Amino acid sequence: MCGIVGYVGQRPAVDVLVRGLRRLEYRGYDSAGVAYFRGAAIEIQKSEGKLENVETLLSKLPAISDARCGIGHTRWATHGKPTTQNAHPHRTGHVVLVHNGIIENYQEIKQDLVKRGHRPVSETDSELFGFLVLEKMDAGRSLAVAVSESFREVTGACSVVVMSEKEPGTVIGVRNGSPLVAAVDPKGGVILASDAQPLLEYTRDVVFLEHGDMVVGDSRGIRFLSLQTGEPIQRATSTLDWSPAALDKQGYDHYMLKEIHEQPAAMVDTLNGLLDRASAESFPLAGQPAVELLKNAKRITIVACGTAWHASLMGKYWLEKWGQIPVSVELASEYRYRDPVVDAGTLVIGVSQSGETADTLAVIQELRKKGIPTLAVTNTRGSTLSREAQATVFTNAGPEIGVAATKTFSVQMLTLLCFAAFLGKQRGKTAEMDQIFAQLIRIPHLLGDYLDEKGTLRKAVRETARKLLLLKGFFFIGRGYCFPLALEAALKLKEIAYVHAEGYAAGELKHGPIAMIDQDIAVIVLAPNDAWREKTFSNLEEVKARGAQVLGVGNPSDESLQRVSHFWIPLPETGLHESLLPFVVTPVIQLLSYEIAVLKGTDIDKPRNLAKSVTVE
Ligand code: F6R
C-alpha cells in the first residue's frame, strides 16, 4: 500500500512532501523517499525503514528549502526486498518516478529492456517504467507523451508520478488503477497524492482522478488529459466537507466503514510486524516468540469468541492444509467448562482483538498454569491476554473503534495463515509457500483498488442492500473457506442491522434449515472460483427452486452463477490462489451488513446491547 505525494508551487516542496508522507503513514510502509529539483537537477533522498531516516538525511543538506517541485513515496515492498535501493523515487537517467500498484508484465518488460542494453539497479517493477519513459523522451517525446505511451506497454493496476530533468518544474501523475487525488494549492501550485489526506492541509477542493486520467502540474497550473488520447479533459472538483469529527473518521460516515477500508493497510502493518521482510525467504517468522512454540506443537487448539472464532476457523483450514497439523477450534466459553483432553504437545492459541475477552483469557490462564504451551494473537499491546500467555504475536490493525470487528478479522486470519505457511515450509512445501507468499503480499494493493470509494463494489453492494432490505431473513451459505465467512457474514448482519441471519455450510442446508427457505428469505451464496464452487452452485439451485431470493457472490467471469442469481456482486479478477480468496470476499460481506444497517438507521458504530471488549463471562 504505497503512498504518493507530488508538489509544484510556491511552498518549500520538501516540506510539503514530508508532511504529506506523514499523513500517509497509516497505510503501512517499509521504506520512504523524496526527490526534488535543485535548479534543473533532481536530487533523491531515500532510505529503508521509517520516514525519520529520510528526514535525518534531509536535515544534513543545505538549502533544500529552496526546492519548489518534487515527489515523495512510502513503499510497501512487493517486488524486491524493503531496501534503500528498492525504495522510491527511482531514477532512470533524467527521469525520476514514484509508483503505486503492480506492473504485471514486469518480467517481459525487463527482458526486453535488458536486450536493449538497459541495466535496472533495483529489484522493483517500478524502476522499469522509468526506462520506458526515458527511451521515449530520448526519442524526442515530451514527458507527458512519453508517460502515456509507456502506459500502453504495461498491464496491471497502478499509478505513477513522474518528473524529468528535461522538463524542470513539471510533475505528471497518472491514475491507471490505484487512486490518485489532485488539488490546486491556493498559494499557487499543484499537489497530488494517493489519497486526500495530504491535500486537506492546503485545500478542501480536490479532484479524484478517474482510471485513465493524467494530471499535469507546472507553472501554468493544473491540466487533466486523457491517457488514451492525450486530449484535455474536464474533471469536476469535489469539496470535502469534513468536520473535525469526520476528520477522525477521515471522511467516512462511520468508523466501521473507515475500518473496512483500512484493511489493506492493517494487513501491511501486520505483515511488517510478523515477518522478516528483508529476508529472501517467504514467511520468515524468525525472531517471533511464536516460532519455537509452533515448531514444537504436535496439535493446535485455538480458543476464541465471536468474530475471532470465525477467523480461527479459517485458520484451521490453512493450518491443516499446509502445516499438516491437527487443529481444533473452540468457543472459549464452552471449552473452559468442559474437561478437554490437552497435553504438553498441544499448543493452545488464544485469538482476541481486545486481549481482554474474559472467556478466552480464562482458558489461557488456566492452561498455562497446567504447563500447557500458550500463545496469544491479539491487536492490543499491554492487554491481559498478551501478559498471561507464554508468548504473543501482535496483529497491527491499529485502533478499532467500531464495535463490529472488521479489520481485526482480516489480520487475525492473516496471522494464522502466516503460521500455517511457516509450518508448511518446515514440512518442505517450499515452492508452494513461495507462490502463496508472492500472491499474499499483493493482496493489500488488490484490496485497496477493490475497496476504492469510487469503485463498483460499494455501488453494487448498496443497490443490492436496498433490494434485500425488506426480506424477513438472511442465509449466508458457503463451503470450504467460505463457510467461516458465511458465519461471519451472518454475525455482522445480526449485530449491526438487527435482522435475523444464519450462516451455514452450504451442504448442511438440506439437513434441516432448507425447510425455512421461501420467497421471503435471501440466500447469499459465497461461491468464488475455488474447489468448492460446483458443489455450492448445486446448493444454490436447491434454494432457488424453493423460491429464495438469491444473491450470488463470485468470480466476475462466472456467467452461470450470475445468470441463476437474482442479484449479483462480482469479486475482483485477481488470479489469486483459492486459499487467499477469503481476503477479497471479506469486504463484500462486511459492506453488505454495513449498507443494510445504514438503510435501517441503526447505531452502526455502537450497536445496542454490545460492547467492544467483553470482559464478563
Ligand atoms: C463481532 C465482534 C465480537 C468479538 C468477540 C471477541 O463483530 O466484535 O464477536 O469478535 O467479542 O472479541 P475479542 O476479539 O476482543 O476477543
Side-chain angles (χ1 to χ4, degrees), residues 254-260 262-263 266 270 301-315 329-336 348-365 374-389 392-416 474 476 484-499 501-503 586-587 589-594 596-597 602-617:
H254 298 94
Y255 282 107
M256 180 181 175
L257 186 60
K258 171 174 168 267
E259 286 155 7
I260 290 172
E262 281 173 345
Q263 287 177 114
T270 297
T301 294
I302 313 181
V303 289
C305 304
T307 291
W309 183 68
H310 298 150
S312 305
L313 280 178
M314 188 71 82
V329 179
E330 305 283 351
L331 289 167
S333 54
E334 286 295 311
Y335 189 79
R336 71 183 280 202
V348 179
I349 306 180
V351 178
S352 169
Q353 170 276 128
S354 62
E356 303 295 346
T357 298
D359 289 316
T360 309
L361 201 51
V363 174
I364 294 295
Q365 281 166 329
T374 53
L375 174 65
V377 173
T378 179
N379 199 47
T380 312
R381 283 180 163 68
S383 57
T384 316
L385 187 68
S386 70
R387 283 182 275 118
E388 295 289 333
T392 300
V393 169
F394 290 103
T395 55
N396 287 329
E400 190 174 67
I401 311 290
V403 163
T406 51
K407 59 180 178 173
T408 53
F409 175 64
S410 284
V411 295
Q412 285 165 349
M413 291 195 294
L414 182 65
T415 303
L416 295 171
F474 292 76
F476 291 85
L485 292 180
L487 296 175
E488 174 60 8
L491 174 64
K492 284 286 93 89
L493 192 55
K494 279 186 273 217
E495 70 173 321
I496 63 165
Y498 319 148
V499 296
E502 304 267 5
T586 293
I589 59 172
Q590 294 168 337
L591 282 173
L592 186 64
S593 317
Y594 174 81
I596 293 177
T602 59
D603 189 353
I604 291 178
D605 284 332
K606 294 195 204 81
R608 66 187 182 202
N609 309 337
L610 294 178
K612 184 69 187 158
S613 181
V614 185
T615 52
V616 291
E617 63 174 270

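Because the structure is a prediction, the values reported are computed rather than measured. Whatever order the structure lists them in is the order used to number ligands and atoms, beginning at 1.
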For ligand 1, which atoms, with element, lie under 4.0 Å from some heavy atom of [X]?
| X | result |
| --- | --- |
| Ala308 | 10 (O), 14 (O) |
| Ser352 | 13 (P), 14 (O), 15 (O), 16 (O) |
| Lys492 | 1 (C), 7 (O) |
| Ala404 | 7 (O) |

So is Thr360 polar-close to ligand 1, meaning N/O to N/O under 3.5 Å?
no

Looking only at distances, please establish whether an N/O atom of ligand 1 is found under 3.5 Å from an N/O atom of Ala405.
yes

Quick one: which of Gln412, Glu262, Gln590, Glu400 gives a side chain to side chain donor-acceptor pair (under 3.5 Å) with Lys407?
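Result: among Gln412, Glu262, Gln590, Glu400, Glu262 is the only option passing the side chain to side chain donor-acceptor pair (under 3.5 Å) with Lys407.
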
With the threshold set at under 4.0 angstrom, would you say Val403 reaches ligand 1 through any of its heavy atoms?
yes

Does NZ belonging to Lys606 count more than 12 external heavy atoms closer than 6.0 Å?
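Atom NZ in Lys606 is not packed in, count stays at 12 or less.
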
Under the ring-ring contact (aromatic ring centres under 6.0 Å, His included) test, residues paired with Tyr594 that sit two or more places apart
His254

Just checking, is any N or O donor in the side chain of Ser383 or Glu356 under 3.5 Å from an acceptor N or O on the other one?
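Ser383 vs Glu356: no donor-acceptor pair found between side chains.
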
Out of Gln353, Gln590, Glu495, the nearest non-hydrogen contact to atom 1 (C) of ligand 1 is supplied by Glu495

What distance separates Thr395 OG1 from Met413 CE, expressed to the nearest 0.5 Å?
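Atom-to-atom, Thr395:OG1 and Met413:CE are 12.0 Å apart.
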
With Arg381, which residues qualify under side-chain contact (heavy atoms from CB on, under 4.5 Å), at least two apart?
Phe394, Asn396

